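For the single chain, residues carry numbers from 1 onward in sequence order. Remember, predicted model here, so these are calculated numbers, not experimental data.
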Amino acid sequence: MTDEVGVVTGDLTVATTVQADGLAAVTLQYTVAEEWYTLTGSPVDVPAEGLQHLHHTVLDQIRTGNGARAPH
């Protein structure tokens, strides 16, 4: 689920990055596209387990489907 266009499906690229304010932004794009979309619920706090853990959690949710959102 994205803020800009709603649900996206297919071959996606996902990026999880730390912003200047310390929050983690999760964005995604169709692999062959240039536009990036914000995963609904992003930005979020970086969990104690770290950014990589957050990224893998997001990937698992996206793979599961059902309108994945950034975890809280």
Side-chain angles (χ1 to χ4, degrees):
M1 180 67 70
T2 68
D3 291 348
E4 297 85 3
V5 295
V7 175
V8 294
T9 61
D11 191 15
L12 303 172
T13 299
V14 180
T16 306
T17 57
V18 177
Q19 303 178 140
D21 62 6
L23 295 175
V26 182
T27 55
L28 51 94
Q29 69 177 168
Y30 290 105
T31 299
V32 296
E34 293 184 20
E35 299 86 9
W36 285 90
Y37 304 110
T38 303
L39 185 66
T40 298
S42 175
V44 297
D45 292 327
V46 176
E49 298 89 348
L51 191 65
Q52 186 175 14
H53 175 80
L54 173 62
H55 183 75
H56 287 286
T57 299
V58 168
L59 290 179
D60 289 344
Q61 289 179 352
I62 289 172
R63 287 180 183 125
T64 300
N66 300 319
R69 297 172 186 264
H72 296 286

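- Linking Ile, Leu, Val, Met, Phe, Trp and Tyr residues whenever their side-chain heavy atoms come within less than 4.5 Å places Val44 and Tyr37 in a single cluster.
- To the nearest 0.5 Å, atom CD1 of residue Ile62 and atom OG1 of residue Thr57 are 11.0 Å apart.
- Side chains of Leu23 and Asp45 form a contact here, defined as non-hydrogen atoms less than 4.5 Å apart.
- Here the closest non-hydrogen pair linking Val46 and Gly22 is CG2-O, 3.6 Å.
- Hydrophobic clustering of Ile, Leu, Val, Met, Phe, Trp and Tyr side chains at less than 4.5 Å, counting indirect connections, keeps Val32 apart from Val8.
- Looking at every heavy atom in both residues, Ala25 comes nearest to Ser42 through CA-OG, 3.3 Å.
- Between the CD atom in Gln61 and the CE atom in Met1 there is a gap of 13.0 Å [rounded to 0.5 Å].
- Looking at Val58 and Leu28, their side chains never come closer than 4.5 Å, going by heavy atoms from C-beta outward.
- Between the Thr31 side chain and the Asp11 main chain, a donor and an acceptor come within less than 3.5 Å of each other.
- Counting only distance, with no hydrogens or angles, the side chain of Thr38 and the backbone of Asp3 share no donor-acceptor pair below 3.5 Å.
- Atoms CD and OG1, on Gln29 and Thr13 in that order, are 5.0 Å from each other to the nearest 0.5 Å.
- If you chain together hydrophobic residues whose side chains sit under 4.5 Å apart, Leu39 and Val14 fall into the same group.
- More than 12 heavy atoms of other residues, nucleotides or ligands sit less than 6.0 Å from atom CD of Glu49.
- Residues Leu12 and Trp36 do not share a hydrophobic cluster, clusters being chains of Ile/Leu/Val/Met/Phe/Trp/Tyr side chains in contact below 4.5 Å.
- In this structure, Leu51 and Ala24 approach most closely via the heavy-atom pair CD1-CB, 3.8 Å.
- Contact detail for Asp60 and Thr64: the closest heavy-atom pair is O-OG1, 2.9 Å.
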